[in-house]
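Inspection log for the structure reproduced underneath, given as structure tokens.
In this text, all values refer to a predicted model and were calculated from it rather than measured experimentally. Numbering starts at 1 and runs along the sequence shown.
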Amino acid sequence: MKSEKFSPDQLRRIEQLRQLAKEKNAVILAHYYTRPEIQEAADFTGDSLALSEKAAQTDADIILFAGVHFMAETAKILSPDKKVLLPDPAAGCSLADSCEASAFAKFLERYPGYTVVSYVNTSVGVKALTDICCTSSNAVDVIRSLPSDAKIVFAPDRNLGNYIRGVTGRDMVVWDGACGVHEEFSLEKLLQLKKEHPAAKVVVHPECRAYIVEVADFVGSTAAILDYCGRSGADEFIVVTESGILAEMKKRYPGKTFIPAPPDDETCGCNNCKYMKMVTLENICTCLENESPEIVLDEEVRRRAERSILNMINIK
């Protein structure tokens, strides 16, 4: 797959956005799953937590997060003195939405004394109920950092939780949540792609179902998958995660070929996150011009959520 080509109108808007960001001392963050033109316009692209950490280290007055709601919340948790903007407040997350804070609080009442580990793909309310957060990159290390006899609740992704349990052998209670994109990849179609491309390496995100993970050559976060594709001697890869990552793959490794794995129902576009695609150059420009919608968090909840993230950062 070749590098992205942008239309004159897109290039004009990208330049307009960059100039506006400069005038307002704003930093633009874009997750790997956003549209290619959004990633082109951003100051930083990457995974959600890494982006929030980078933004916190800048002297920007404004953080514009081109991503989904929980990501902008995380940026605000780590940068309480900066104004954090989200282009479309309706851009949610099927995984984060599968674990509502009040329901999770009731669930935890059944497990007193358990250490609560939550994936960063959760709301600020769930993070506030959490002892230590994790990312898909460091989840195994986070679990292994806990005492061997610790009783653990893991939320919200059942596929990631079960994957971690298999790797670490730890006994965990796993919340029954999932990402709508990663749940929908077809094993039958993936195996067919492997037959058609026998030299291709299969790279899989651990939010996928276990039977998809089992056929992978490499399992990891988006950042880890990108690194693997660079250091691997292979020239062809079947990519089993949200298709937005292909833009960064093609940009970094123009001489390699990347094949998106299809979902069971290809008419639904299920290997695209509909929420990520709600972010556009148009609504980013409008958001930055108006400095709205802004993420506002209750300070007590923010502080408790921050503690769970800092507990994770401190074990790196």
Side-chain angles (χ1 to χ4, degrees), residues 1 3-4 28-40 42-55 65-68 70-72 74-75 91 93-96 119-122 133-142 156-157 159-161 163-164 167 178-185 190 200-209 212-213 216-232 234 237-253 256-261 263 270-277 279 312 316:
M1 302 185 82
S3 297
E4 300 292 340
I28 301 172
L29 313 178
H31 192 272
Y32 287 134
Y33 293 166
T34 55
R35 300 170 188 269
E37 64 270 23
I38 304 300
Q39 297 183 48
E40 181 70 16
D43 295 296
F44 300 109
T45 58
D47 283 333
S48 61
L49 182 63
L51 288 172
S52 292
E53 290 180 292
K54 282 184 179 179
F65 210 125
V68 298
F70 82 81
M71 297 179 182
T74 303
C93 168
S94 57
L95 178 54
Y119 195 20
V120 73
N121 297 35
T122 50
C133 276
C134 72
T135 67
S136 50
S137 295
N138 67 18
V140 168
D141 291 336
V142 167
D157 190 276
N159 294 323
L160 178 59
Y163 172 75
I164 296 166
V167 171
C179 166
V181 172
H182 290 100
E183 281 267 284
E184 295 302 321
F185 288 106
L190 177 57
K201 298 293 185 181
V202 178
V203 293
V204 174
H205 196 284
E207 288 178 26
C208 293
R209 294 178 187 267
I212 298 291
V213 170
D217 294 294
F218 180 79
V219 181
S221 66
T222 50
I225 286 172
L226 283 164
D227 290 343
Y228 172 80
C229 291
R231 68 176 187 269
S232 170
F237 301 86
I238 298 170
V239 182
V240 195
T241 188
E242 211 275 354
S243 61
I245 197 177
L246 295 173
E248 183 66 16
M249 288 177 159
K250 292 182 285 183
K251 182 178 179 180
R252 287 196 196 185
Y253 314 118
K256 299 193 177 192
T257 299
F258 302 98
I259 306 156
C270 291
N271 62 348
N272 284 292
C273 174
K274 65 179 182 179
Y275 298 113
M276 290 288 190
K277 275 38 176 189
V279 182
M312 173 192 66
K316 283 183 177 178

Please give me the minimum heavy-atom distance between [X] and [Y], naming the atom from each residue.
| X | Y | result |
| --- | --- | --- |
| Val240 | Cys208 | O-SG, 3.7 Å |
| Tyr275 | Ser94 | CE1-N, 3.9 Å |
| Met71 | Ser52 | O-OG, 3.8 Å |
| Ala139 | Ile164 | CB-CD1, 3.3 Å |
| Pro206 | Tyr163 | CB-CD2, 3.8 Å |
| Ala75 | Phe65 | CB-CD1, 3.9 Å |

Interatomic spacing from [atom1] in [X] to [atom2] in [Y] - rounded to 0.5 Å:
| X | Y | atom1 | atom2 | result |
| --- | --- | --- | --- | --- |
| Ile225 | Lys201 | CD1 | NZ | 14.5 Å |
| Met249 | Cys229 | CE | SG | 4.0 Å |
| Leu246 | Tyr33 | CG | OH | 10.5 Å |
| Glu184 | Arg209 | CD | CZ | 6.5 Å |
| Ser48 | Glu53 | OG | CD | 9.5 Å |
| Leu51 | Thr45 | CG | OG1 | 7.0 Å |

Without swapping roles, check the side chain of [X] against the backbone of [Y] for a donor-acceptor pair under 3.5 Å.
| X | Y | answer |
| --- | --- | --- |
| Tyr119 | Ala96 | no |
| Glu248 | Gln39 | no |
| Asp217 | Val202 | yes |
| Asn138 | Thr135 | yes |

Quick one, [X] and [Y] - any side-chain contact, counting heavy atoms below 4.5 Å?
| X | Y | answer |
| --- | --- | --- |
| Leu29 | Lys54 | no |
| Phe218 | Ser232 | no |
| Tyr32 | Leu226 | yes |

Take Val204 and Phe185, measure what side-chain contact (heavy atoms from CB on, under 4.5 Å) needs, and give me the verdict at the end. CA-CA 10 Å; Val204 174; Phe185 288 106; over 6 Å; no
Between Met276 and Ile38, is a side-chain contact (heavy atoms from CB on, under 4.5 Å) present by the stated rule, with each step listed? CA-CA 10 Å; Met276 290 288 190; Ile38 304 300; over 6 Å; no
Step-by-step side-chain contact (heavy atoms from CB on, under 4.5 Å) determination, Arg252 to Asp227: CA-CA 10 Å; Arg252 287 196 196 185; Asp227 290 343; 3.8 Å; yes
Residue among His205, Lys277, His31, His182 satisfying side-chain hydrogen bond (donor to acceptor under 3.5 Å, both in side chains) with Glu242: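 Considering His205, Lys277, His31, His182, a side-chain hydrogen bond (donor to acceptor under 3.5 Å, both in side chains) with Glu242 is found only for Lys277.
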Show your reasoning for whether side-chain contact (heavy atoms from CB on, under 4.5 Å) applies to Asp157 and Asn121. CA-CA 9 Å; Asp157 190 276; Asn121 297 35; over 6 Å; no
Using the six-membered ring wherever Trp is involved, compare the ring planes of Phe237 and Tyr228 and label them parallel, tilted or perpendicular (cut-offs 30° and 60°).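 Plane angle over 60°, so perpendicular.
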